[in-house]
Amino acid sequence: EVGINNTISLLSNDAVKTLEVELTRPSDTNAYAANDCINTATSGSSLLQFTNAAKATGTGVIIASARFQTNSILSSGFLGKRFRLHLYRDSGVTAINDNAAFEMLYANSSKRFGYIDFTFPSATEGGASDSVAVQIDGINKVVQLVGTSIYAQLQVLDAVSTPVSGAKIKMHLHVIQTN
């Protein structure tokens, strides 16, 4: 009964939110090498920003689950591929451009709080499907943010030979706001 009361207390004092970011790939079909980043531009890119993740500046969140979906999947080569979403507690990290290799810098270690790995299924869920998605549950990653946003950089872990020009990628983080 003590465990039940603690769980009820957590849910009544904290807010559950779904955060969403959508990016559109550049208008090209340049192949991705393993460990390249996916972003909106080949120069001058920005980090992905999940806004209003925390209740207030400097408060925390628990990332409970995450969802990754893309359109134009049938000819994109994303089926069966692995991706990594690097997560940062503040925006003081330089974004990596589309099709450039991911670099993990020690200088960013106080800003980076982890990553989430996704693997797309090897087939779509039906002949008329125009997208594919993967969801990861049970993440339970606790983090205190600098502001109220979570920042991210998307990396492809496997080579992708022919990505769709202008393909859309949507990321969801399901969080519990704390404090």
Side-chain angles (χ1 to χ4, degrees), residues 6-26 36-41 44-73 76 78 81-98 102 104-105 108-121 125 129-157 163-164 166-179:
N6 288 341
T7 302
I8 292 169
S9 173
L10 172 70
L11 294 177
S12 66
N13 292 331
D14 301 321
V16 176
K17 285 188 81 170
T18 298
L19 311 171
E20 180 180 303
V21 168
E22 183 176 70
L23 72 86
T24 302
R25 281 199 63 260
D36 276 357
C37 287
I38 299 176
N39 215 318
T40 58
S45 293
S46 299
L47 292 172
L48 300 174
Q49 183 179 5
F50 295 91
T51 59
N52 301 313
K55 287 181 182 179
T57 298
T59 60
V61 297
I62 301 168
I63 299 174
S65 65
R67 189 167 188 274
F68 178 11
Q69 184 170 2
T70 185
N71 72 346
S72 304
I73 193 66
S76 73
F78 282 10
K81 302 298 182 180
R82 298 173 305 134
F83 298 83
R84 179 167 286 166
L85 185 66
H86 296 272
L87 302 168
Y88 302 93
R89 68 182 79 249
D90 81 42
S91 63
V93 176
T94 302
I96 301 172
N97 293 323
D98 188 74
F102 178 79
M104 183 179 298
L105 303 176
N108 294 333
S109 63
S110 65
K111 298 170 181 109
R112 184 173 184 270
F113 66 86
Y115 59 85
I116 302 168
D117 283 343
F118 298 91
T119 302
F120 275 132
E125 294 188 28
S129 296
D130 70 351
S131 69
V132 69
V134 60
Q135 180 162 322
I136 307 295
D137 293 317
I139 296 170
N140 299 323
K141 182 73 173 167
V142 180
V143 62
Q144 182 175 357
L145 302 176
V146 172
T148 59
S149 294
I150 295 172
Y151 297 88
Q153 178 78 58
L154 183 60
Q155 174 188 19
V156 60
L157 298 176
V164 170
K168 294 187 180 297
I169 295 171
K170 192 173 284 191
M171 310 292 299
H172 291 101
L173 295 180
H174 308 285
V175 303
I176 300 169
Q177 297 175 322
T178 62
N179 300 343

Would you compute the distance between atom [atom1] of [X] and atom [atom2] of [Y] and round it to the nearest 0.5 angstrom?
X: L48; Y: L23; atom1: CG; atom2: CG; answer: 5.5 Å
X: R25; Y: T40; atom1: CZ; atom2: OG1; answer: 11.0 Å
X: S65; Y: I176; atom1: OG; atom2: CD1; answer: 9.0 Å
X: I169; Y: F68; atom1: CD1; atom2: CZ; answer: 5.0 Å
X: L85; Y: Q155; atom1: CG; atom2: CD; answer: 10.0 Å

Residues two or more places apart in sequence or in another chain: which of them pass side chain to side chain contact (heavy atoms under 4.5 Å, CB included) with [X]?
X: A133; value: R67, Q69
X: V93; value: L47, Y88, N108, K111
X: K17; value: L19, N52, V175, Q177

Indicate yes or no for a side-chain donor-acceptor contact from [X] to the backbone of [Y] under 3.5 Å, with no hydrogens or angles considered.
X: T24; Y: K168; value: no
X: N39; Y: D98; value: no
X: T178; Y: G60; value: yes

Would you name the heavy atoms of [X] and [Y] that are closest together and state the gap between them?
X: G58; Y: Q144; result: O-NE2, 2.7 Å
X: A95; Y: S45; result: CB-O, 3.4 Å
X: Y115; Y: R112; result: CD2-NH2, 3.2 Å

Practice item. For the pair F50 and I63, evaluate side chain to side chain contact (heavy atoms under 4.5 Å, CB included) and give the outcome as yes or no after the intermediate values. Key: CA-CA 12 Å; F50 295 91; I63 299 174; over 6 Å; no
So, using side chain to side chain donor-acceptor pair (under 3.5 Å) as the criterion, who are the partners of [X] when residues are at least two apart?
X: N140; answer: none
X: D117; answer: R84
X: R89; answer: none
X: T18; answer: H174

Practice item. Anything under 30° is parallel, anything over 60° is perpendicular, the rest tilted; go ahead and classify F83 against F120. Key: perpendicular
Revision key, fill the gap. Sorted by chain and number, sequence neighbours left out, ring-ring contact (aromatic ring centres under 6.0 Å, His included) with F113 holds for none
Pair up each side-chain donor or acceptor in residues 145-154 with any protein partner under 3.5 Å, not counting sequence neighbours, and list the distances.
unit_1: S149; atom_1: OG; unit_2: Q49; atom_2: NE2; d: 2.9
unit_1: Y151; atom_1: OH; unit_2: Q49; atom_2: NE2; d: 3.2
unit_1: Q153; atom_1: OE1; unit_2: I96; atom_2: N; d: 2.9
unit_1: Q153; atom_1: NE2; unit_2: I96; atom_2: O; d: 3.2

**Study point:** Residues L173, I116; criterion side chain to side chain contact (heavy atoms under 4.5 Å, CB included); working and verdict
**Key:** CA-CA 10 Å; L173 295 180; I116 302 168; 4.0 Å; yes
